[in-house]
Amino acid sequence: MTRTVKDSDMNGTPMVRAEGVHKSFGAAHILKGIDLEVAPREVFCLIGPSGSGKSTFLRCINHLEKINAGRLSVDGELVGYRQKGDKLYELKDSEVARKRRDIGMVFQRFNLFPHMTAIENIMEAPVQVGGETKAVARARAERLLDRVGLADKAGHYPSRLSGGQQQRVAIARALAMEPKLMLFDEPTSALDPELVGDVLDVMRDLAQDGMTMIVVTHEMGFAREVGDALVFMDDGVVVESGHPREVLTNPQHDRTKSFLSKVL
């Protein structure tokens, strides 16, 4: 898959940079010094066993979880903090929320509002958070529903949609704020196998359009076909990284080999 690179992507600033990121929950040390970079327009895949820290790291990127040590930045700006001199100061909740608008997130469980229709779910954040008029938000929501193949489901409530359809609405909802970065936390893991393809097709289209994406996934075919970079995590550390095809076909670390032998 070939994606056009804009001049603005060549300024050397990673879309995401993690430097020595640590995260603990009580005595449980979940992330143990994560160092990685995600380039603009890159599809960056995270794989690894359950409990390896993948989802926690994703939640740290938009400050849903606060890191305990290290530095994490998105498009050159620290996540959740401001630096003054040699010290970091945590941002106010309102400032965090404002910066979070630039980061879309799609969860395993679709988290749609059950009392709202598909189009109302997509309109909610632009109207309530972004201050848009309902007319502007509705027009964009209609375009996004068409983009994810659900133009005919605008008036349906989540209970009337399949899991795959709900997840595509969730993707459209995340795109409604026009983010610069999309985070996907195992977006197909809760779906019946026959529904996975439609969601992955939407993600392929986003990648083709140049959206920067970090995808926690067990879909190795997607990682191999669409991914630009892949990291294998285990026990809170990056064990191996490289181009997806290289890592998946020729892993160098015994732990990576063991994991892939069970999932491929």
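For the numbers below, each heavy atom of this structure counts, side chains included, while hydrogens, waters and symmetry mates do not. These numbers come from a predicted model, not from an experiment.
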Approximate separation, where rounding is to 0.5 Å, of [X] [atom1] and [Y] [atom2]:
| X | Y | atom1 | atom2 | result |
| --- | --- | --- | --- | --- |
| Met177 | Glu132 | CE | CD | 7.5 Å |
| His253 | Asp234 | NE2 | CG | 8.5 Å |
| Ser241 | Leu36 | OG | CG | 8.5 Å |
| Glu19 | Arg71 | CD | CZ | 6.0 Å |
| Met213 | Leu206 | CE | CG | 5.5 Å |
| Leu88 | Leu78 | CG | CG | 6.0 Å |

Indicate the atoms forming the closest heavy-atom contact of [X] with [Y], along with that distance.
| X | Y | result |
| --- | --- | --- |
| Ser55 | Asp185 | OG-OD1, 2.6 Å |
| Val199 | Gly164 | CG2-O, 3.7 Å |
| Thr256 | Pro251 | CG2-CB, 3.8 Å |
| Ala18 | Leu72 | CB-CD1, 3.7 Å |
| Arg41 | Asp209 | NH2-O, 4.1 Å |
| Gly155 | Thr117 | O-CG2, 3.4 Å |

Stepwise side-chain contact (heavy atoms from CB on, under 4.5 Å) check, Leu91 with Lys99: CA-CA 10 Å; Leu91 298 178; Lys99 290 178 177 292; 3.6 Å; yes
If you define the side chain from C-beta out and look only at heavy atoms, does anything of [X] sit under 4.5 Å from [Y]?
| X | Y | result |
| --- | --- | --- |
| Arg255 | Pro49 | yes |
| Leu175 | Met182 | yes |
| Gln165 | His156 | no |
| Leu260 | Phe232 | no |
| Glu124 | Glu120 | no |

Does one hydrophobic cluster hold both [X] and [Y], with members joined at side-chain heavy-atom distances below 4.5 Å?
| X | Y | value |
| --- | --- | --- |
| Phe57 | Leu230 | no |
| Ile47 | Val238 | no |
| Val148 | Ile119 | yes |
| Ile67 | Val38 | yes |
| Met203 | Leu46 | no |

State which residues pass side-chain hydrogen bond (donor to acceptor under 3.5 Å, both in side chains) with Asp198; sequence neighbours excluded, sorted by chain then number.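 With sequence neighbours excluded, Asp198 shows a side-chain hydrogen bond (donor to acceptor under 3.5 Å, both in side chains) to no residue whatsoever.
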Let me check something: any side-chain donor-acceptor pairs from residues 102-113 under 3.5 Å, sequence neighbours excluded? List them with distances.
unit_1: Gln108; atom_1: OE1; unit_2: Ser189; atom_2: OG; d: 3.3

Quick one: does [X]'s side chain have a donor or acceptor within less than 3.5 Å of a partner on [Y]'s backbone?
| X | Y | result |
| --- | --- | --- |
| Lys54 | Met233 | no |
| Gln167 | Pro187 | yes |
| Thr188 | Leu191 | no |
| Glu95 | Lys92 | yes |
| Asp146 | Ala151 | no |

If we check side-chain contact (heavy atoms from CB on, under 4.5 Å) with Val16, which of these qualifies: Ile214, Thr212, Leu183, Asp75?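 Only match with Val16 under side-chain contact (heavy atoms from CB on, under 4.5 Å): Ile214.
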Before giving the answer on side-chain contact (heavy atoms from CB on, under 4.5 Å), spell out for Met15 and Glu42 the whole-Å C-alpha distance, their side-chain angles and the decisive distance to 0.1 Å. CA-CA 9 Å; Met15 181 60 73; Glu42 191 169 50; over 6 Å; no
Apply side-chain contact (heavy atoms from CB on, under 4.5 Å) to Leu161 and Leu150, showing your working. CA-CA 10 Å; Leu161 301 174; Leu150 294 173; 5.7 Å; no
Within a reach of under 6.0 Å around CG of Asp93, are more than 12 heavy atoms found that belong to other residues, nucleotides or ligands?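 No - once you tally the heavy atoms of other residues, nucleotides and ligands closer than 6.0 Å, there are 12 at most.
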Does a sphere of radius 6.0 Å around CZ in Arg140 hold more than 12 heavy atoms from other residues, nucleotides or ligands, not counting ones at 6.0 Å or beyond?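 Atom CZ in Arg140 is crowded, with more than 12 foreign heavy atoms closer than 6.0 Å.
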Is there a salt bridge (Lys or Arg N to Asp or Glu O under 4.0 Å) between Glu225 and Arg204? Walk through the geometry before answering. CA-CA 9 Å; Glu225 175 192 348; Arg204 287 187 184 94; 3.1 Å; yes
Is the shortest distance from a Lys or Arg side-chain nitrogen in Asp235 or Lys32 to a carboxylate oxygen in the other one below 4.0 Å?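 Salt bridge between Asp235 and Lys32, a charged N being under 4.0 Å from a carboxylate O: yes.
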Could you check whether Lys262 makes a cation-pi contact with Phe259, meaning its NZ or CZ is under 6.0 Å from the centre of the six-membered ring and within 45° of the ring axis?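 Ring-cation test returns no.
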ring-ring contact (aromatic ring centres under 6.0 Å, His included): which pairs involve residues 81-101, sequence neighbours left out?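 Matches after skipping sequence neighbours: His63-Tyr81.
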Examine the side chains of Ser261 and Lys257 and answer whether a donor and an acceptor come within less than 3.5 Å of each other.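 Looking only at side-chain atoms, Lys257 and Ser261 do not form any donor-acceptor pair under 3.5 Å.
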